[in-house]
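Protein chains get the first letters and strands the later ones, always in sequence-line order, with residue 1 at the start of each.
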Amino acid sequence: MEHSFSLPNSGHNFDAEASKLGMWLFLFTELLLFGGLFLVYMVYRSLNHEAFIEASHHLNVWAGTTNTIVLLASSLTVAMSITALQQGNKKRSLLLLTITFIAAGVFLVIKYFEWSAKFEHGLFPGMEHYSQLPTGERLYFYLYFFMTGLHGLHVIIGGIFLAVVMVKIKSGKVHKDRISLLENGGLYWHLVDLIWIYLFPLFYLIH
Amino acid sequence: MENINTHTPQVAVSQHISSYKLLFTVFAGLILLTILTVLVSTTFTFSVSLAVALALMIASTKALLVAYYFMHLKYEPRFYKWMVIVVLALFTFFVIMLTIDYFTR
């Protein structure tokens, strides 16, 4: 006699569709979180237009462009790693995730240098030079540090998420027929990319 | 032994597998749009509102590509697309309310 039943939370009542739906719902809350910040940006920019343009000249367009390309490439490798695992190619999937992980590191290193340059110029909120700036420019830098900082935090969390997924792929817990964790990690990573797609033109490319 | 209680999960999700070629094409498009938006902002001078509108249009095209192909939105049930539309509508509503608020003061 063979009985097959599952207890709640026994790990056997796995539902891929619900897992994905939950991830999307979470991503919507993330979108609205950043959406609120974009609204603040919209209002302050419309009130301090000249100052925003003046302040944006302090940013390095090429560093921003490089980081955009790095993030886009890492999004590609995550999407490809899902394809690889769906086709049962564990090794390739892991390799692609490793590249994504490295790209996340590269993004943060570039960001670190950008922030350091601003610190050196005393542009971080609270620093001496910052306090002497006109109100509009102060608002710009406040928003710049807050929004890229919050985004950077998401890059770090996304990197950790993907690292966990890599470990689970390695140990065989995430595989071809149970791919949800990788898919959700990928969704999160793409969201990080999506937000940067808007941050980049709004902070770096205003002239 | 291990399989005793592993009742096979219903495979309700028919997984779509995106080809590497498609993903790479989308990536190439994203890079081109990035170059375009940088070029537009550094080499041409438009009126401010036109420049912002152009930058946001290019960004939204990129966002749509990422969501549609990288996030597999294209292959999800229609329900997912509706959810995205509702969230975007909600955000648009916020934008409109805030704009009305600020410009009627």
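- At a 4.5 Å heavy-atom cutoff, the contact between A:Met42 and chain B is made by side-chain atoms alone.
- B:Phe79 touches chain A through its side chain: at least one heavy atom from C-beta onward sits under 4.5 Å away, while N, CA, C and O do not.
- For A:Thr83 (side chain) and B:Ile17 (main-chain N/O), no donor-acceptor pair under 3.5 Å exists by modelled atom type.
- Using a 4.5 Å heavy-atom cutoff, the side chains of A:Gln86 and B:His16 are not in contact.
- Contact annotation for A:Ile206: neither backbone nor side-chain heavy atoms come within less than 4.5 Å of a heavy atom of chain B.
- Side-chain polar atoms of A:Tyr204 and B:Ser41 form no donor-acceptor pair below 3.5 angstrom.
- No more than 12 heavy atoms of other residues, nucleotides or ligands shown are found within 6.0 angstrom of CZ on A:Phe146.
- Contacts of A:Leu194 with chain B are made by side-chain atoms alone, with heavy-atom separations under 4.5 Å and no backbone atom involved.
- Looking at A:Thr68, only its side chain comes within 4.5 Å of chain B, counting heavy atoms on both sides.
- Interface remark: A:Ile195 contributes no atoms to any contact with chain B (heavy atom separation under 4.5 Å).
- Closest approach of B:Leu73 to A:Trp24, counting heavy atoms only: CD1-CH2, 3.8 Å.
- Heavy-atom distances place both the backbone and the side chain of A:Leu39 under 4.5 Å from chain B.
- The environment of OH in A:Tyr142 is sparse: at most 12 heavy-atom neighbours from other residues, nucleotides or ligands sit within 6.0 Å.
- Looking at B:Phe70, the atoms closer than 4.5 Å to chain A (heavy atoms on both sides) sit in the backbone and in the side chain alike.
- Contact record, A:Leu32 with B:Phe94: CD2-CE1, 4.3 Å, taken as the closest heavy-atom pair.
- Residue A:Trp196 does not touch chain B at all, counting heavy-atom pairs closer than 4.5 Å.
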